[in-house]
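If you read the sequence from its start, that first residue is 1, and numbering goes on from there. Below, all heavy atoms of this structure are taken into account, side chains as well, without hydrogens, waters or symmetry copies.
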Amino acid sequence: TSLQLRGGQTMVPNQFGQPQPQELPPWPILDAIERLFEVRDLDPATLTEIPEDVDVLMLVQPKTLTPEATYAIDQWCLAGGAVAAIVDPFAFLDPDARGAGPGADLGPGQPVLELLAAWGVDASVSEAVGDETSGQTVRGADGSPARLPLFFKVGADTLDGDDFLMESRNSLTLMSPMALRAAADLPEGVEVSELFSTTTEGGGSIATDMFALNLDLGMIATMFAPSGEAQPLAVRVRGSVRSAFPDGPPSAGDEVPTDDGATEDETAEDPEDDGADAPADDAEHLAAATSTFNALVFGDVDMLHESLLFDQIETPFGVARRQNSHASLLVGALESLGGSRDLISLRGREPYARPFDRKDELQRSAEERFKAKEDELQRKLEAADARLAQLQSEKAPEDALLLSDAQQDEILKFEEERIQTRRELRQVNRDLRADIDALGTRLKFLNVFAIPLVLTALVLATVLLRRGRRRSAA
């Protein structure tokens with residue numbers, strides 16, 4: 001991986017725009033994995049061979065891979081290795097994204113995309129996926145709520161319940177994930193099946209180039225348009241895949257990326273290198289898998305970040321955090337790739353949580369009313385500005401710096417309308433709280449009184465019925 005999952009240090013701009021070091025904490029997802037697995041770090045810059053005792057190779061957003069590292073992964077997969085790949089077209093929660101300018105490389109490197117293509121998976125870093133129907137509410141730069149399609153939930157209706165990895169899942173929360181499709185020229189003997197996707201009516205994508213423009217979240221939400229088809233976000237690959245190196249191993253003179261993005265000849269690094277560490281010759285090269293290859297590919301790295309790894313829930317004692325299904329999904333994926341699928345029934349399952357659909361519906365309705373009132377106020381402001389400009393143009397030059405009576409009346413009228421609109425916005429929030437409180441009161445009544453009364457009545461009826469039967473028998 002190119003992400004600092006174990007923590008470390010990164011450079012972020014301060015208030016004056018100057019870079020300064022910042023300590024990064026470890027990602028909690030590693031703790032969940034290391035409870036069940038021995039995790040070994042492999043440096044993509046020096047990797048030339050995958051150790052034989054590795055059961056599952058996890059690729060997490062590797063931005064740079066040397067030809068030797070790419071070839072080592074390719075050949076290990078063809079020899080029977082299993083892969084869990086997590087890639088993202090634009091990882092918002094990558095620390096390198098903070099202060100990243102136009103053209104910043106926050107997606108996986110081209111070698112990773114070539115490996116995916118060899119496995120029959122079509123992926124692109126030029127577009128990020130969203131879902132308008134399940135977009136989550138965020139705060140814009142002005143503090144107003146906005147529903148962001150790129151930050152959305154994948155519900156149970158778009159999860160593949162037939163796949164044993166997904167059968168116990170309820171929902172996932174994703175941020176600007178990557179679309180992963182079966183290639184049009186899928187190799188014979190290779191199967192690529194979807195694990196989950198967006199909804200058909202709300203799924204769509206937006207160019208990742210737009211993220212470099214530092215647009216307001218509300219503007220991004222406005223630019224998003226559904227495509228009318230579901231966007232697959234995770235796939236399972238199985239079969240006899242082909243090598244990403246059809247012409248054999250890379251030669252010693254192949255160019256490799258340097259730290260500044262340029263390339264240089266490998267042989268120039270060490271003139272005395274006798275080639276002892278070079279890849280195996282063509283005689284040992286595998287052009288196709290010698291056994292069935294298995295891989296799970298997920299299109300979102302952000303879902304592994306601490307920000308999306310936990311759900312906030314309201315309790316009588318305040319707001320608490322509960323680990324959602326993201327960690328159990330990844331752990332289950334590693335278990336299924338590295339051992340028997342029977343282990344899935346013992347570990348990797350998420351706690352069952354039933355969503356409050358009615359509450360979510362009330363929240364969505366209130367947000368729509370709130371947004372409509374804000375839009376109405378904005379239209380009135382634009383109309384008032386146009387009216388003031390018209391009145392200003394009608395004044396004599398010597399009176400240009402003085403407000404006319406008509407202008408003063410127009411300003412007072414707008415102030416009254418703004419005050420009234422703010423009152424209506426507050427009323428919308430009060431109505432929402434009242435509706436949620438009323439719903440909670442009804443649920444409490446059912447739980448505390450109605451259901452116990454029904455159960456008591458059933459018990460009494462059963463007792464009386466049994467007594468009646470005994471008397472009849474006597």
Side-chain angles (χ1 to χ4, degrees), residues 28-29 32 84 86 88 91-93 128-138 147-180 193-205 221 224 226 229-236 296-315 319-336 344-345 347-365 367 436 439:
I29 185 64
I86 302 97
D88 197 312
F92 272 101
L93 299 179
V129 173
D131 195 324
E132 194 172 59
T133 60
S134 59
Q136 301 297 289
T137 301
V138 296
R147 187 172 288 274
L148 184 62
L150 297 177
F151 179 35
F152 63 97
K153 282 188 176 293
V154 175
D157 55 335
T158 60
L159 301 178
D160 182 10
D162 294 333
D163 190 291
F164 63 89
L165 181 62
M166 308 304 300
E167 61 186 4
S168 65
R169 315 292 164 188
N170 289 319
S171 67
L172 302 167
T173 303
L174 308 180
M175 181 177 289
S176 65
M178 174 186 290
L180 301 168
S193 56
E194 298 179 13
L195 296 179
F196 54 84
S197 66
T198 66
T199 61
T200 301
E201 60 274 14
S205 61
F224 182 87
E229 61 181 30
Q231 307 291 320
L233 306 173
V235 294
R236 179 186 292 276
L296 290 167
V297 187
F298 302 93
D300 189 29
V301 170
D302 294 316
M303 72 174 184
L304 303 183
H305 191 269
E306 182 178 8
S307 302
L308 300 185
L309 203 62
F310 299 90
D311 290 333
Q312 291 188 348
I313 57 174
E314 295 182 2
T315 70
V319 178
R321 295 201 315 171
R322 179 185 63 193
Q323 191 176 82
N324 55 31
S325 62
H326 295 181
S328 65
L329 174 63
L330 182 57
V331 170
L334 296 175
E335 289 174 336
S336 68
I344 299 298
S345 62
R347 295 190 288 255
R349 286 186 179 271
E350 65 168 318
Y352 179 75
R354 182 176 180 179
F356 291 95
D357 295 333
R358 177 58 179 163
K359 180 180 177 181
D360 292 343
E361 182 182 344
L362 291 173
Q363 182 77 35
R364 190 178 301 110
S365 176
E367 290 171 358
I436 292 177
L439 178 62

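In this view, T199 and D131, T133 satisfy the side-chain hydrogen bond (donor to acceptor under 3.5 Å, both in side chains) rule, not counting sequence neighbours. For the salt bridge (Lys or Arg N to Asp or Glu O under 4.0 Å) test, no residue two or more places apart in sequence or in another chain qualifies with D160. Scanning for side-chain contact (heavy atoms from CB on, under 4.5 Å) contacts around S205 gives E127, with sequence neighbours left out.
Listed here is the closest heavy atom pair of T137 and R147: OG1-NH2, 3.9 Å. The minimum heavy-atom distance between P177 and L150, with the atom names listed, is CD-O, 4.4 Å. The shortest non-hydrogen separation linking R236 to D163 is NE-OD2, 2.9 Å. Scanning both residues, L334 and A84, for their nearest heavy atoms gives CD2-CB, 3.9 Å. Across all their heavy atoms, F224 and G202 have their closest contact at CE2-O, 3.8 Å. When all heavy atoms of M166 and L159 are compared, the closest pair comes out as CE-CD2, 3.7 Å.
In this structure, the side chains of V129 and T198 come closer than 4.5 Å at one or more pairs of heavy atoms. The shortest side-chain heavy-atom distance between S197 and Q231 does not fall under the 4.5 Å cut-off. Proximity of L330 to I86: side-chain heavy atoms (C-beta onward) are separated by under 4.5 Å at one or more points. Between L174 and V154, the closest side-chain pair of non-hydrogen atoms falls below 4.5 Å.
Rounding to the nearest 0.5 Å gives a distance of 6.0 Å between CG of L329 and CZ of F196. Note that the OG atom of S176 and the CZ atom of F152 stand 8.5 Å from one another [nearest 0.5 Å]. Atoms CG and CG, on L172 and L308 in that order, are 10.5 Å from each other to the nearest 0.5 Å.
Across H326, Q136, K153, a single residue satisfies side-chain hydrogen bond (donor to acceptor under 3.5 Å, both in side chains) together with T173, and that is K153.
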- Task: Could you walk me through whether F298 and V235 pass the side chain to side chain contact (heavy atoms under 4.5 Å, CB included) test, one step at a time?
- Result: CA-CA 7 Å; F298 302 93; V235 294; over 6 Å; no
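Judged by distance alone, the side chain of T200 and the main-chain N or O of E229 form no donor-acceptor pair under 3.5 Å. One N or O on the side chain of D88 and one on the backbone of V301 form a donor-acceptor pair closer than 3.5 Å.
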